[in-house]
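Here's the structure, in structure tokens; my notes come after.
Predicted model, so just to flag it, every value in this text is computed and none were measured.
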Amino acid sequence: MALILYLHGFASGPKPKSPKIDFLRALGHEVHCLATQGGYRPEDYLRAAETALNRSPVDLLVGSSLGGFWARYLGARHGHPWIGLNPALRPSATLARYPGRLQRFDVEASFDWTAADALAYRAYEDEPVD
């Protein structure tokens, strides 16, 4: 069927055995998971997504939360259909509420997050999407 690139949310990472991924695979799709290597700043998502999109011909982008924000942005930028599951709409405002040392949801690791990191999303929020 389709090759789907799944984009994870903030403080998460690729979970190839998650219920969402299992569901997409049960429908007969091949699913690749984006790996930002624990980076959640815009440049981290863009670098990982561009690498993944150049590696395989993707038919559909699917993302949840912050991944949904990026599915929308990248879908418009590359002409791919996309689906956002509870997508972040204004990550600059939402993520500015969580400065400090944060725990990842997918592995036993933490990362530092600042208000400036969150504000870096403003440039992508205001970009028009067709």
Side-chain angles (χ1 to χ4, degrees):
M1 302 224 15
L3 174 56
I4 297 172
L5 178 60
Y6 184 85
L7 295 91
H8 61 76
F10 183 70
S12 192
K15 293 187 264 185
K17 295 307 261 172
S18 79
K20 291 176 253 182
I21 302 301
D22 287 344
F23 176 75
L24 293 169
R25 287 187 173 136
L27 293 174
H29 302 295
E30 182 179 348
V31 182
H32 294 183
C33 297
L34 185 73
T36 62
Q37 309 304 329
Y40 305 104
R41 293 162 186 87
E43 63 269 18
D44 301 320
Y45 273 91
L46 288 171
R47 184 181 321 107
E50 296 295 341
T51 298
L53 291 169
N54 288 329
R55 187 178 314 132
S56 300
V58 173
D59 299 307
L60 176 66
L61 301 170
V62 175
S64 63
S65 192
L66 188 58
F69 172 86
W70 286 113
R72 175 183 172 268
Y73 177 86
L74 292 163
R77 185 175 180 182
H78 292 277
H80 293 300
W82 61 275
I83 296 172
L85 307 171
N86 194 28
L89 301 176
R90 291 275 182 208
S92 65
T94 305
L95 298 178
R97 292 184 249 162
Y98 304 103
R101 187 122 184 105
L102 303 177
Q103 176 67 42
R104 287 180 59 181
F105 298 121
D106 60 326
V107 296
E108 291 294 322
S110 57
F111 63 100
D112 293 315
W113 189 254
T114 67
D117 294 328
L119 290 177
Y121 275 91
R122 279 194 179 159
Y124 302 93
E125 293 169 350
D126 297 329
E127 190 164 313
V129 176
D130 296 330

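- When all heavy atoms are compared, the tightest approach of Pro99 to Ala96 is CD-O, 3.4 Å.
- At most 12 heavy atoms of other shown residues, nucleotides or ligands fall within 6.0 angstrom of atom CZ in Phe23.
- Put simply, OH on Tyr40 and CH2 on Trp113 are 10.0 Å apart, with the number rounded to the nearest 0.5 Å.
- Nearest heavy atoms, Leu5 versus Cys33: CD1-C, 4.3 Å.
- How far CD1 of Ile4 is from CZ of Arg25: 9.5 Å, rounded to the nearest 0.5 Å.
- What you find for Ser110 and Arg101 is that their closest heavy atoms are OG-NH2, 2.9 Å.
- Between Gln103 and Glu108 there is a side-chain heavy-atom pair separated by less than 4.5 Å.
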Apply side-chain contact (heavy atoms from CB on, under 4.5 Å) to Glu50 and His78, showing your working. CA-CA 10 Å; Glu50 296 295 341; His78 292 277; 3.1 Å; yes
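- Ser64 and Tyr6 are linked by a side-chain donor-acceptor pair at a separation below 3.5 angstrom, with hydrogens and angles left out of the test.
- Side-chain heavy atoms closer than 4.5 Å link hydrophobic residues (I, L, V, M, F, W, Y) into clusters, and following such links, possibly through other members, connects Tyr98 to Phe111.
- Remark: Phe69 CZ to Leu74 CG distance equals 9.5 Å, nearest 0.5 Å.
- In this structure Arg55 satisfies the side-chain hydrogen bond (donor to acceptor under 3.5 Å, both in side chains) test with no other residue, sequence neighbours excluded.
- Looking at heavy atoms from C-beta onward, Val31 lies out of side-chain contact with Val62 at the 4.5 angstrom threshold.
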Should Trp70 and Phe10 be marked as a ring-ring contact (aromatic ring centres under 6.0 Å, His included) after you check the CA-CA gap, both sets of side-chain angles, and the distance that decides it? CA-CA 11 Å; Trp70 286 113; Phe10 183 70; over 10 Å; no
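- With ring centers used as reference points, His8 lies under 6.0 Å from Tyr45.
- Interatomic distance, NE2 of His32 versus CG of Leu3, reported as 5.0 Å (0.5 Å rounding).
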Go through the steps for Glu30 and Met1 under the test side-chain contact (heavy atoms from CB on, under 4.5 Å), then give the verdict. CA-CA 7 Å; Glu30 182 179 348; Met1 302 224 15; over 6 Å; no
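- Under the 4.5 Å side-chain contact rule for hydrophobic residues, Leu34 and Ile83 do not share a cluster.
- Leu27 and Val58 fall into different hydrophobic clusters, where Ile, Leu, Val, Met, Phe, Trp and Tyr side chains are chained together by heavy-atom contacts under 4.5 Å.
- Cluster annotation: Leu66 is connected to Tyr124 through the hydrophobic network of ILVMFWY side chains, with a link wherever side-chain heavy atoms come within less than 4.5 Å.
- For the atom pair Glu43 CD and Asp117 CG, the distance stands at 8.0 Å (nearest 0.5 Å).
- Here salt bridge (Lys or Arg N to Asp or Glu O under 4.0 Å) pairs that include residues 3-22, with residues two or more places apart or in two chains, number zero.
- Heavy atoms only, all atoms of each residue included: Ala35 and Ala48 are closest at O-CB, 3.4 Å.
- Under a hydrophobic-cluster definition in which Ile, Leu, Val, Met, Phe, Trp and Tyr are linked whenever side-chain heavy atoms come within less than 4.5 Å, directly or via other members, Leu53 and Leu7 are assigned to the same cluster.
- With rounding to the nearest 0.5 angstrom, the OG atom of Ser18 is 11.0 Å from the CG atom of Asp106.
- By the side-chain contact (heavy atoms from CB on, under 4.5 Å) test, Arg97 is found to be paired with Thr94, residues two or more places apart in sequence or in another chain being considered.
- Summarising the geometry of Arg41 relative to Tyr121, their closest heavy-atom pair is C-OH, 3.8 Å, with the distance given to 0.1 Å.
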